[in-house]
Amino acid sequence: MNVLDESFFARSTQEVAQDLLGSFLCRKIGNTVLKSVITETEAYLDEKDEASHARFGKTNRSKIMFESPGVWYVYLIYGMHNMLNVVTEQTGKAGAVLIRETIDFKGPAKLTSAFDIDRKFNGVAISPKHNLWIEKGSEKPAFESLPRIGIDYASEKWRKAPLRFKAKI
DNA sequence: AAAGTGATCATG
DNA sequence: ATGATCACTTTG
């Protein structure tokens, strides 16, 4: 099938972040299936990445990033917005990709709001069985690499690291 | 430019 | 226990 499985996610975070561009985020709610093309992602690496939640090591929140690839990592930010990430890398190595926008929804919090995604998906397998999954796109789009958003607390090296990937329309 | 909102992390 | 901070959005 076209459904992405664990082998897709068990690779380097940057590769997964780039390859996710052009694929379809899919959500089943009742009898309806929503599908929207992913157009922007960000890679968050392991302990060395000063912008990543893994920078403090394994904590209650970040431990999911160290665990098995192919599950969702969803957390609440600013007291009101849910962020949707996929866990990457082999078990034991931290990594996650933030899905920042799709062709229909500009902004990570608007996306989760539109797809009715919240922390109940944290740690859940990325699979149609759980009504939230990703399907392979027809072709990998051209993209540009940019600094990530909203991480001013990190040092210059990481603030400027081109770990945001945006598909060219 | 600044509010709004609550989980999370460090510190005590 | 408390306090500062935060991978955002909306409004002015």
Side-chain angles (χ1 to χ4, degrees), chain A residues 4 8-25 27 34 36-89 93-126 132-134 141 143-169:
Chain A
L4 301 182
F8 176 92
F9 299 103
R11 297 182 293 139
S12 87
T13 306
Q14 298 171 61
E15 275 184 86
V16 174
Q18 293 173 11
D19 290 353
L20 242 22
L21 298 173
S23 58
F24 294 89
L25 180 64
R27 173 81 166 106
L34 292 140
S36 190
V37 178
I38 296 170
T39 52
E40 189 173 33
T41 61
E42 285 180 2
Y44 286 90
L45 314 183
D46 59 10
E47 291 95 327
K48 68 177 183 297
D49 179 358
E50 294 173 21
S52 171
H53 289 166
R55 68 189 181 281
F56 301 123
K58 266 190 203 180
T59 65
N60 215 44
R61 177 172 70 169
S62 71
K63 65 185 180 197
I64 190 73
M65 291 181 67
F66 293 81
E67 290 170 7
S68 62
V71 302
W72 298 109
Y73 169 36
V74 184
Y75 65 92
L76 190 68
I77 191 68
Y78 299 119
M80 50 190 117
H81 302 304
N82 290 286
M83 300 287 102
L84 179 66
N85 301 248
V86 306
V87 175
T88 60
E89 304 280 2
K93 181 170 167 108
V97 175
L98 172 67
I99 300 179
R100 175 162 270 290
E101 72 175 44
T102 69
I103 200 148
D104 300 302
F105 300 104
K106 188 171 164 249
K110 291 172 73 174
L111 190 155
T112 51
S113 170
F115 276 73
D116 187 29
I117 292 163
D118 62 25
R119 292 181 306 159
K120 65 179 174 286
F121 284 103
N122 192 46
V124 170
I126 301 172
L132 184 60
W133 71 100
I134 302 176
F143 67 92
E144 53 190 334
S145 304
L146 302 160
R148 292 169 291 181
I149 304 282
I151 54 156
D152 290 348
Y153 55 85
S155 70
E156 177 172 321
K157 171 182 173 183
W158 291 102
R159 259 186 291 134
K160 291 190 172 169
L163 292 173
R164 175 161 60 108
F165 307 105
K166 190 175 180 56
K168 291 189 173 164
I169 311 287

Residue pair N60(A)/M80(A) against DNA chain B: nearer the 5' end by closest nucleotide is M80(A)
Of the nucleotides dC9(B), dA7(C), dT9(C), which one has an atom closest to the side chain of N85(A)?
dA7(C)
Polar pair under 3.5 Å, donor/acceptor by atom type, side chain Y75(A), base dA7(C)
yes
What residue among R119(A), M83(A), H81(A) forms side-chain contact (heavy atoms from CB on, under 4.5 Å) with L76(A)?
R119(A)
Regarding the side chain of L76(A), the nearest nucleotide among dA7(B), dC9(B), dC8(C) is dA7(B)
Between CG of D118(A) and P of dG6(B) the distance, given in whole Å, is 14 Å
Can a side chain N or O of R55(A) be found less than 4.0 Å away from OP1 or OP2 on dC9(B)?
no
Is there a side-chain contact between R61(A) and the phosphate of dC9(B), meaning an N or O under 4.0 Å from OP1 or OP2?
yes
Counting side-chain heavy atoms from CB outward, which of dC9(B), dT8(B), dA7(C) is closest to L98(A)?
dA7(C)
For dA2(B), give the paired nucleotide (Watson-Crick: N1-N3 plus N6-O4 or O6-N4; G-U: N1-O2 and O6-N3; both under 3.5 Å), or none.
dT10(C)
Nearest-angstrom distance from the residue atom OH of Y153(A) to P of dT8(B)
15 Å
Is there a side-chain contact between F9(A) and I134(A) in this structure, where contact means two heavy atoms from C-beta onward sitting under 4.5 Å apart?
yes
Under 4.0 Å between a side-chain N/O of H53(A) and OP1 or OP2 of dA7(C), yes or no?
yes
Please determine whether a side-chain nitrogen of the Lys or Arg among K106(A) and E40(A) lies less than 4.0 Å from a carboxylate oxygen of the Asp or Glu.
no
Under 4.0 Å between any heavy atoms, over every strand shown, what does I149(A) touch: base, sugar-phosphate, or nothing? Just pick one.
sugar-phosphate
For M65(A) and dT8(B), what is the distance between atoms CE and P respectively, to the nearest whole Å?
15 Å
Base, sugar-phosphate, or nothing for A96(A), non-hydrogen atoms under 4.0 angstrom?
nothing
Options dA7(C), dT9(C), dA7(B), nucleotide nearest the side-chain atoms of Y44(A):
dA7(C)
Determine whether the aromatic ring of Y78(A) stacks with the base of dG6(B), defined as ring centroids separated by less than 5.5 Å and ring planes inclined by less than 30°.
no
Please name the pair of heavy atoms, one in L45(A) and one in M65(A), separated by the smallest distance, quoted to 0.1 Å.
O-CE, 3.9 Å
Take K168(A) and E144(A) through the salt bridge (charged side-chain N to carboxylate O under 4.0 Å, His left out) test and state the conclusion after the steps.
CA-CA 7 Å; K168(A) 291 189 173 164; E144(A) 53 190 334; 5.1 Å; no
